[in-house]
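Shown next, in structure tokens, is the structure this report addresses.
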Amino acid sequence: MPFNLLLFPLLGGYYFLITFHYTKFLNQRLDRQKLIFNSALMGCLLLVTSFFILAVFNAFFAEATEKLSSLNPLPLDYSGVTFLSLLLSVILAHFLNMITDEKKAIIRAIDRRGNNLEKILMSSWENDHMISISLKSSKIYVGWIVNLPKPTKMEYISVLPAFSGYRDEKTKQVELNTQYLDVYQKLELDDQLANLNEMDFVIVIDEREIISANKFDQNAYSYFGPNFE
């Protein structure tokens, strides 16, 4: 088999790894050498599968195989099987994505290779508990994570705030001086707020502006008071 034809299964392996839900989030954090190695392994598996498919097809549909071979634009040995491995990767990746849950794949990837911030955000999203986020501007938001963060693509975080405030620059004490919960309760009762819903209060935060994040509990906060970290 000409070595240049091996590019097809290598590309097929790479395409599958970065497209299928359960592999793309895990492989996005790998260095280039490791990703190429994994792509080569996946390409070998696709190539073996393509050999098997063509062997079965040739055994039962020999005439059709000859006609298809005559249409091959690359008159090289094994060009058909290598191209099939690339085509197979595209079909297989998208088919598997149709029958699998992307959110479960994200949770699995964060559990295995996520950083601490991603794990805290995921915990808030999964368990519906509040989280406190401190920003470089000294602003602090306390609320619920709206969307499950995607590993390596988490540029912005959407938060439905319950409280907001700031950290005093001198004392470093936290002051939560804005409360949103009463407003949320009045949305359905006050005709003047009828055109709004909770999602209209969602705040989008640049991930690069975050200094710290931690789980927030109102009962615990009442004990810490303004010294809450």
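Numbers here are sequence positions counted from 1.
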Provide the closest heavy-atom pair for [X] versus [Y] in the form atom of the first, atom of the second, distance.
X: S39; Y: L17; answer: N-CD1, 3.5 Å
X: K139; Y: G165; answer: CD-O, 3.2 Å
X: S89; Y: F16; answer: O-CD1, 3.9 Å
X: A213; Y: L117; answer: CB-CD1, 3.8 Å
X: H129; Y: S124; answer: O-OG, 2.7 Å
X: I107; Y: L148; answer: CG1-CD2, 4.0 Å

Same cluster or not: are [X] and [Y] linked, directly or through other Ile, Leu, Val, Met, Phe, Trp or Tyr residues, by side-chain heavy atoms under 4.5 angstrom apart?
X: I36; Y: L86; value: no
X: L45; Y: L30; value: no
X: I211; Y: L176; value: no

Starting at [atom1] of [X], measure out to [atom2] of [Y] and round the result to the nearest 0.5 Å.
X: F25; Y: F20; atom1: CZ; atom2: CZ; value: 11.0 Å
X: D111; Y: E118; atom1: CG; atom2: CD; value: 11.0 Å
X: L46; Y: L92; atom1: CG; atom2: CG; value: 7.0 Å
X: I99; Y: H21; atom1: CD1; atom2: NE2; value: 10.5 Å

Does any part of the side chain of [Y], heavy atoms only, come nearer than 4.5 Å to the side chain of [X], both counted from C-beta?
X: I131; Y: V142; answer: no
X: L84; Y: T82; answer: no
X: I145; Y: M122; answer: no
X: K104; Y: T100; answer: no

Using salt bridge (Lys or Arg N to Asp or Glu O under 4.0 Å) as the criterion, list what pairs up with E102, not counting sequence neighbours.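 Listed in chain order: K24, K150.
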[X] side-chain N/O to [Y] backbone N/O, donor-acceptor pair under 3.5 Å:
X: R113; Y: L26; result: yes
X: Q179; Y: L181; result: yes
X: S50; Y: S85; result: yes

Given I140 and S164, is the side-chain contact (heavy atoms from CB on, under 4.5 Å) satisfied, shown in steps? CA-CA 6 Å; I140 292 178; S164 67; over 6 Å; no
Pairs of donor and acceptor atoms involving the side chains of residues 5-14, under 3.5 Å and at least two apart or interchain, shall be tabulated with distances.
none

Given the rule in the side chain to side chain donor-acceptor pair (under 3.5 Å) test, do N127 and S123 qualify, once you have shown the distances and angles that lead to the verdict? CA-CA 6 Å; N127 302 306; S123 176; 3.3 Å; yes
Applying ring-ring contact (aromatic ring centres under 6.0 Å, His included), which residue pairs with at least one partner in residues 157-188 are found, sequence neighbours left out? Y184-F201
How about NZ on K119, more than 12 heavy atoms from neighbouring residues, nucleotides or ligands closer than 6.0 Å, or not?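 Yes, because the 6.0 Å sphere around NZ of K119 holds more than 12 heavy atoms from other groups.
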Other residues, nucleotides and ligands only: do more than 12 of their heavy atoms fall within 6.0 Å of CG on N116? no
Clusters formed by hydrophobic residues whose side-chain heavy atoms approach within less than 4.5 Å: which one holds F37, and what are its other members?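 F37 clusters with L41.
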Side-chain cluster (under 4.5 Å, hydrophobic types only) that V90 belongs to, other residues: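 Members other than V90 - counting any ILVMFWY side chain reachable under 4.5 Å - are Y15.
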Can I157 and V159 be said to form a side-chain contact (heavy atoms from CB on, under 4.5 Å), step by step? CA-CA 6 Å; I157 298 169; V159 179; 3.9 Å; yes
Consider only side-chain N and O atoms of T19 and H94, and report whether a donor and an acceptor are under 3.5 Å apart. no
Can you list the steps and then say if L96 with Y22 is a side-chain contact (heavy atoms from CB on, under 4.5 Å)? CA-CA 9 Å; L96 290 176; Y22 277 85; over 6 Å; no
Audit row: K34, D31, side-chain contact (heavy atoms from CB on, under 4.5 Å) steps and yes/no: CA-CA 6 Å; K34 183 64 175 178; D31 56 50; 3.2 Å; yes
Can you give me every donor-acceptor pair (side chain of residues 202-210, partner residue at least two apart or in another chain, under 3.5 Å) with its distance?
residue : atom : partner : partner atom : Å
D206    : OD1  : R208    : N            : 3.0
D206    : OD1  : R208    : NE           : 3.2
D206    : OD2  : R208    : NE           : 3.4
D206    : OD2  : R208    : NH2          : 2.8

